[in-house]
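As structure tokens, the structure follows; a few thoughts come after it.
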Amino acid sequence: MSERENPESGKKEMHEDYSFIKETIKKNPVNLGVHVKRLFTLALGGALFGGSAAVAFTVACPVAAERFIAGEEVTLSDARPGPIGISAAEETEEAADAEYVEEDVREPEEIPDAVFDDGQEAGNESSMEIYASVYEEAVQIAEKPMKAMVRLSGLSDDTDLLDDSFLTYGEEEGVIFYSDEKDVYILTNYKNIEKSDSIRVTFCKGAVAEGSLCKADPGTGLAVVRVPRNLLTEEEWSEVYVASLSDSFDLSNEKTVIAIGSPSGNFNSVMYGLVTSVSGSLRVADAEYSLLGTNIMGSIESSGVLLDMQGNVIGMIMRTDEDESILKGVSIAELRPLIENLSNGEQIRYLGILGASIKKPQAEKLNIPQGIYVEGVESASPAMIAGIQNGDIIVGINGQETENMMDYMAELQNLNVGEQAELTVCRKGTEGKFVEMEFDMTIEEK
């Protein structure tokens, strides 16, 4: 080994001088047999690869096609309220009209307490005129949300012998809450169209298309129906709106509310009134939702949605057995997780527990654990089989604390049907003290 100077860097480099090795490079002789074998091997590999690809495509194509037809996953946070048939170029120009902007609407004027005996108040405007102006305000606020309302008719495959038309099972009111490039999604009550063979959807301007059921929830009676975009023209879609669903859980500040759809039992109605209570709740198996009580007179056929003063949907009108003459609505903000599950056709997890949230002040006053008070357990349900009893207080599921029904619902829906759920329960013992117990049960589909 010797040192040599590199003329470019000027540095000395170590150089190994293997002068004892002398190589002579010669060309290899051409072997035709080897080339023929290689060509044959390549051809055989190509044939095998092509055959495998064809088999894989044949197997995967139906699954891929099914997912393509079903549309993209629905995520309500991506929903864009406004007209459906709008191009990307027009979106910026129409944004102000498509959104429900607070400054675009005015609060309805309150009817003055002092009205003169002759029906005139200080501003020379009668109480009836004030009432008419307030109603006009409500109609203006409801103008765009009304374009999101649809009528759903459940049809039978059998025909009416008198006029050769399809028999109708019943009709429901629905609201469009989401739209993507392929489909439009509608939230509706399901009772009157449950047994139908097909669903006919009539939009605000009279356009008609056939919808298909994504999923229904037996507990709340709500369902999501999907209508493909290609069934109507872009011009027809431009007349249809996507409603804005409220994501606020604080309903204590709401006073005035507008009911649209069929609040009185008649289609295309607009009514307004006051929220009189938010203390009630709709309790179904493994879920609890806040009820908005109003002073709006309804009927046994009432359906539709409740709006706030910005035109956002804050409640879904529900038919309850308590008092069907007064409109009540379920909080749409609390329904959002369920709506997403129904839209995506996901399984509704089921344990069969009818519970009520115990609030912190109640827990402190009664000296009981904060959690979910078990009011009942459905017959033959996983919870009953596992041994859950009335009066138990659920404080955890699979190691996660559950202080209220919202926590419980969220944790339950994160699990899969067929999996084991371990409920942590506090049960009052013979000495009056609560004892913590664990119960294992298998999750079923509702």
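In what follows, residues are counted from 1 in the order of the sequence shown.
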Find the distance between [atom1] ([X]) and [atom2] ([Y]) and round it off to the nearest 0.5 Å.
{"X": "Ser179", "Y": "Tyr185", "atom1": "OG", "atom2": "OH", "result": "9.0 Å"}
{"X": "Ile348", "Y": "Lys215", "atom1": "CD1", "atom2": "NZ", "result": "6.5 Å"}
{"X": "Lys144", "Y": "Cys204", "atom1": "NZ", "atom2": "SG", "result": "13.5 Å"}

Exercise for the section: Considering only NZ, NE, NH1 and NH2 on the basic side and carboxylate oxygens on the acidic side, decide whether Glu236 and Lys205 come within less than 4.0 Å. Expected result: no
Handout entry: N-O pairing of Lys446 and Asp217 below 4.0 Å
Key = yes
Please check if the side chain of [X] supplies one atom and the backbone of [Y] the other of a donor-acceptor pair under 3.5 Å.
{"X": "Asn189", "Y": "Lys191", "value": "no"}
{"X": "Glu422", "Y": "Gly399", "value": "no"}
{"X": "Glu340", "Y": "Pro337", "value": "no"}
{"X": "Asp286", "Y": "Ile353", "value": "yes"}

Handout entry: Arg229 versus Glu181, closest heavy-atom pair with distance
Key = CG-O, 3.8 Å
Within the 3.5 Å criterion, strictly below it, is a donor on [X] or [Y] matched to an acceptor on the partner's side chain?
{"X": "Thr442", "Y": "Gln420", "result": "yes"}
{"X": "Asn312", "Y": "Ser244", "result": "yes"}
{"X": "Glu288", "Y": "Tyr408", "result": "no"}
{"X": "Thr188", "Y": "Glu172", "result": "no"}

Problem - Option from Leu231, Val227, Leu232 for which side chain to side chain contact (heavy atoms under 4.5 Å, CB included) with Val201 holds - result: Val227
Practice task
For a side chain to side chain contact (heavy atoms under 4.5 Å, CB included) with Ile176, tell me which candidate from Val225, Leu187, Val242 qualifies.
Solution key: Val242
Handout entry: Heavy atoms of other groups near Asn416 CG, more than 12 under 6.0 Å
Key = yes
Practice task
Step through the shown structure and confirm whether more than 12 heavy atoms of other residues, nucleotides or ligands are within 6.0 Å of CD on Glu438.
Solution key: yes
Practice task
Enumerate the residue pairs fulfilling salt bridge (charged side-chain N to carboxylate O under 4.0 Å, His left out) with a member in residues 388-417, sequence neighbours excluded, ordered by first and then second residue.
Solution key: Asp392-Arg427
Handout entry: Intermediate values then yes/no, side chain to side chain contact (heavy atoms under 4.5 Å, CB included), Val374 and Ile393
Key = CA-CA 6 Å; Val374 178; Ile393 299 176; over 6 Å; no
Completion exercise
Phe177 meets the ring pair (Phe, Tyr, Trp, His ring centres under 6.0 Å) criterion, sequence neighbours left out, with none
Practice task
Please state whether the rings of Tyr131 and Tyr272 are parallel, tilted or perpendicular, taking 30° and 60° as the class boundaries.
Solution key: tilted
